[in-house]
Amino acid sequence: EENIPDGLLGDPLRLGQILLNLVSNAIKFTDKGEIVITARLASRTEDEKVEVLISVTDTGIGIPEQIIPHLFDSFTQADGSTTRKYGGTGLGLAICKGLVERLGGSIWVESRLGKGSTFFFTLPLKDAAKTVQPGPGKQDWSLSPAAARRQLPPARILLGEDDKDIRTLAAMILKDWGLEVIEAETGTEVVDKCRTEQPDVILMDLQMPEMDGLDATRTIRGQKAGRDGKPPIVALTAHAHGEDRVRCLEAGMDAVVTKPIDRNELFTVLLGCLET
């Protein structure tokens, strides 16, 4: 809406991850009709603070009323038929909830079965025009290892990547952040180590020998059927949009990180996975 300030200060990486998850879900569960994203000003104080209400509306299958109170719990699925038809673990909404709350907002949904759903979330932001900015060269947006270690809980990360250079770089980043890294070169090895090492998160390349990342994800999800659906699986791919992203979600992956790896994007996704 036009009454939203032209410039807002906040966290664009986390906002992007929230929107990508909500829009991807809307696309996945909408066979026909439309998906609409809106943003309006929910409130404004006398100083520079504003609260923005963002909504993602679809004309898809809708959500049963009894499921809605539990929808943002980790690994909640609407029903067995939805799981079989659409795939996925439901973790994406738990990630969204964790990210929204970390930003100081709230998230909820309104839905009618067979008629579609609207996901709402609020974000407290600052009006850039009314906020004093530091001078040139004084603002550092980089993510330092120390800052990452303060925010990420201890965790074991299973890294499935057949390219040695990419694997070495990713492992170095993760270790700098204080995370334990278990490396795997093939999809088969990822599946085996998922069972024996019990990782907290899997980073999965899509193109691996013996078994690709999509088949490895389907195998892991099949092994976890009837339990809690863990661990979260994050795709590593050079094509993180369009059909490839939908294929990842349908296979049971929970998020996508682009290659070459961007530290801020990887950090945001891991933070969401580990906070659920």
Side-chain angles (χ1 to χ4, degrees), residues 1-30 33-43 50-63 68 71-72 74 76 86 88-111 116-128 141 143 232-237 239-250 253-258 261-276:
E1 293 184 349
E2 292 183 0
N3 60 354
I4 294 180
D6 291 333
L8 295 168
L9 296 180
D11 189 327
L13 291 169
R14 290 190 175 114
L15 173 58
Q17 186 65 31
I18 295 164
L19 283 172
L20 281 172
N21 272 318
L22 292 180
V23 174
S24 295
N25 276 343
I27 293 171
K28 186 165 69 169
F29 294 110
T30 303
E34 64 181 10
I35 294 155
V36 179
I37 306 170
T38 63
R40 68 179 180 87
L41 193 64
S43 64
V50 299
E51 184 179 54
V52 176
L53 174 64
I54 300 174
S55 62
V56 178
T57 301
D58 65 62
T59 56
I61 62 176
I63 303 165
I68 290 178
L71 194 62
F72 296 98
S74 294
T76 295
Y86 295 98
T89 66
L91 181 60
L93 293 178
I95 291 176
C96 286
K97 183 175 185 291
L99 292 174
V100 168
E101 291 179 348
R102 189 173 185 87
L103 294 174
S106 57
I107 186 169
W108 68 96
V109 63
E110 296 177 0
S111 182
S117 306
T118 299
F119 285 84
F120 301 90
F121 66 96
T122 59
L123 288 182
L125 301 165
K126 293 184 177 181
D127 186 342
W141 295 103
L143 177 69
I233 300 177
V234 178
L236 297 176
T237 175
H239 307 285
H241 302 287
E243 292 183 2
D244 281 346
R245 182 178 180 85
V246 173
R247 288 169 59 225
C248 292
L249 297 174
E250 288 179 343
M253 293 178 167
D254 305 294
V256 178
V257 168
T258 55
I261 293 173
D262 179 280
R263 284 174 168 80
N264 288 287
E265 181 187 23
L266 177 61
F267 172 81
T268 300
V269 172
L270 286 177
L271 188 64
C273 290
L274 294 172
E275 284 183 338
T276 57

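Reckoned from all heavy atoms, side chains included, excluding hydrogens, waters and symmetry mates. From a predicted model like this one, the values you see are computed outputs, not experimental measurements.
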Subject >> By side chain to side chain donor-acceptor pair (under 3.5 Å) - contacts of Arg40 (at least two apart) >> reply: none

Subject >> side chain to side chain donor-acceptor pair (under 3.5 Å) against Asp11, all qualifying residues, sequence neighbours excluded >> reply: Arg14

[Y] side chain reached by [X] side chain, heavy atoms, under 4.5 Å:
X: Ile95; Y: Cys273; result: yes
X: Ile18; Y: Leu103; result: yes
X: Leu15; Y: Ile54; result: yes

Subject >> Reported CD-to-CG distance for the pair Gln17 and Asn264, which is rounded to 0.5 angstrom >> reply: 12.5 Å

Original post:
Got more than 12 heavy atoms from elsewhere within 6.0 Å of CG, Asp6?
Top reply: no

Subject >> The single option from Val23, Asn25, Leu71 passing side-chain contact (heavy atoms from CB on, under 4.5 Å) against Phe119 >> reply: Leu71

Subject >> Closest contact, heavy atoms only, Asp254 versus Asn21 >> reply: O-OD1, 3.6 Å

Subject >> Heavy-atom closest contact (Val256 atom, Glu265 atom, distance) >> reply: O-OE2, 3.8 Å

Subject >> Set of salt bridge (charged side-chain N to carboxylate O under 4.0 Å, His left out) partners for Glu51, sequence neighbours left out >> reply: none

Subject >> Donor-acceptor pair between Ser106 and Thr122 side chains, under 3.5 angstrom >> reply: yes

